[in-house]
Chemist: 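Just passing along the structure, written as structure tokens.
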Amino acid sequence: QVQLVESGGGLVQSGGSLRLSCAASGRTISTYAMGWFRQAPGKEREFVVSINWSGDSTVYADSVKGRFAISRDNAKKTVYLQMNSLQPEDTAVYYCAARLFPTVSTQVIGFKYWGQGTQVTVSS
């Protein structure tokens, strides 16, 4: 089992930045790909970014490419999401997820473990 806890969400003005963290406990995540998803009210959960087990392969949703950056520290069992140039349309609950495979995925169904989520609200 892997437990994931997100932190770092909050309220920020348009154009601002936030850094989300995802701390894992239980089994090691060093061999798992990780991902961030988000879900806005009334919408389906959508893919944001995924990183492979070693951190040298990433894939981003077009909507966040060039603004968001994912990274991981396997020794600390933590994954980060740096979010810059935030816009109101980025407002959502952000979820961290772990995949039982080392390679990236963009699909919700590809991830086994999920955190509870952290709210990000961007005001205009």
Chemist: Surrounding CD of Q116 (heavy atoms of other residues, nucleotides or ligands, distance under 6.0 Å), is the total greater than 12?
Modeler: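 Not buried by this count: 12 neighbours or fewer within 6.0 Å.
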Chemist: Determine which pairs satisfy disulfide bond (SG atoms under 2.5 Å apart) with at least one residue from residues 24-64, sequence neighbours left out, and list them in order.
Modeler: none
Chemist: Which ring pair (Phe, Tyr, Trp, His ring centres under 6.0 Å) pairs, counting each pair once, include a residue from residues 87-108, with sequence neighbours left out?
Modeler: none
Chemist: Of the non-hydrogen atoms in A33 and R72, which two are nearest, and what is the gap between them?
Modeler: CA-NH1, 4.0 Å
Chemist: E6 side chain to G117 main-chain N or O, any donor-acceptor pair under 3.5 Å?
Modeler: yes
Chemist: Rounded to the nearest 0.5 Å, what separates atom OG in S63 from atom CD in E46?
Modeler: 5.5 Å
Chemist: Between the side chain of N52 and the main-chain N/O of D56, is any donor-acceptor distance below 3.5 Å?
Modeler: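 Yes; at least one donor-acceptor contact below 3.5 Å.
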Chemist: Which pairs, with at least one residue in residues 54-84 and sequence neighbours excluded, count as a ring pair (Phe, Tyr, Trp, His ring centres under 6.0 Å)?
Modeler: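 Residue pairs with at least one partner in residues 54-84: there are none.
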Chemist: Kindly say whether R38 contributes a backbone atom to a donor-acceptor pair with the side chain of K43 at under 3.5 angstrom?
Modeler: no
Chemist: Provide the full list of disulfide bond (SG atoms under 2.5 Å apart) pairs with a residue in residues 51-114, sequence neighbours left out, each pair given once.
Modeler: C22-C96
Chemist: Does R99 reach the main-chain N or O of G110 with its side chain, forming a donor-acceptor pair under 3.5 Å?
Modeler: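 At least one qualifying donor-acceptor pair exists.
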Chemist: Any idea which heavy atoms bring S14 and Q87 closest together, and the distance?
Modeler: OG-OE1, 3.3 Å
Chemist: Does any non-hydrogen side-chain atom of N84 lie less than 4.5 Å from one of Q82?
Modeler: yes
Chemist: Do you know which two heavy atoms are closest between P88 and S123, and how far apart they sit?
Modeler: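 Nearest pair, atom of P88 first, then S123: CG-C, 4.5 Å.
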Chemist: Listing request: all ring pair (Phe, Tyr, Trp, His ring centres under 6.0 Å) pairs with a residue in residues 32-57, at least two apart in sequence or in separate chains.
Modeler: F37-F47, F37-F111, F37-W114
Chemist: From M34 CE over to S105 OG, what is the distance, rounded to the nearest 0.5 angstrom?
Modeler: 13.0 Å
Chemist: Do Q119 and T91 have side chains that approach each other closer than 4.5 Å (heavy atoms only, starting at C-beta)?
Modeler: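 Q119 vs T91: side chains touch.
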Chemist: Rounded to the nearest 0.5 Å, how far does OG of S71 lie from CG of L81?
Modeler: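 Reported value, rounded in 0.5 Å steps: 8.5 Å.
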Chemist: Answer with yes or no whether the hydrophobic clustering places V49 together with L86; edges join I, L, V, M, F, W, Y residues whose side-chain heavy atoms lie under 4.5 Å apart.
Modeler: yes
Chemist: Taking a hydrophobic cluster as the set of Ile, Leu, Val, Met, Phe, Trp and Tyr residues connected by side-chain heavy atoms closer than 4.5 Å, whether directly or through intermediates, do L18 and V64 fall within one such cluster?
Modeler: yes
Chemist: Donor-acceptor pair, T78 side chain versus K76 backbone, under 3.5 Å?
Modeler: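 Yes.
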Chemist: Do Y113 and L100 come close enough that some side-chain heavy atom pair is under 4.5 Å?
Modeler: yes
Chemist: Please enumerate all residues that pass side-chain hydrogen bond (donor to acceptor under 3.5 Å, both in side chains) together with D62, with sequence neighbours excluded.
Modeler: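 Here the qualifying residues are K65.
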Chemist: Please examine the side chains of M83 and V120, heavy atoms only from C-beta on, and report whether any two atoms are closer than 4.5 Å.
Modeler: yes
Chemist: State, with a plain yes or no, whether a side-chain heavy atom of V2 is found less than 4.5 Å away from one of I29.
Modeler: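 In short, these two side chains touch, coming nearer than 4.5 Å.
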Chemist: Using only atom types and a distance under 3.5 Å, with no angle test, would you say the side chain of R19 pairs donor to acceptor with the backbone of G9?
Modeler: no
Chemist: Sub-3.5 Å donor-acceptor pair from the side chain of R67 to the main-chain atoms of S85, do we have one?
Modeler: yes
Chemist: Would a hydrophobic clustering, with Ile, Leu, Val, Met, Phe, Trp and Tyr connected at side-chain separations under 4.5 Å, put V12 with L20?
Modeler: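 Yes, one cluster joins them.
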Chemist: Please check if V93 and V108 belong to a single hydrophobic cluster, counting links between Ile, Leu, Val, Met, Phe, Trp and Tyr side chain heavy atoms closer than 4.5 Å.
Modeler: yes
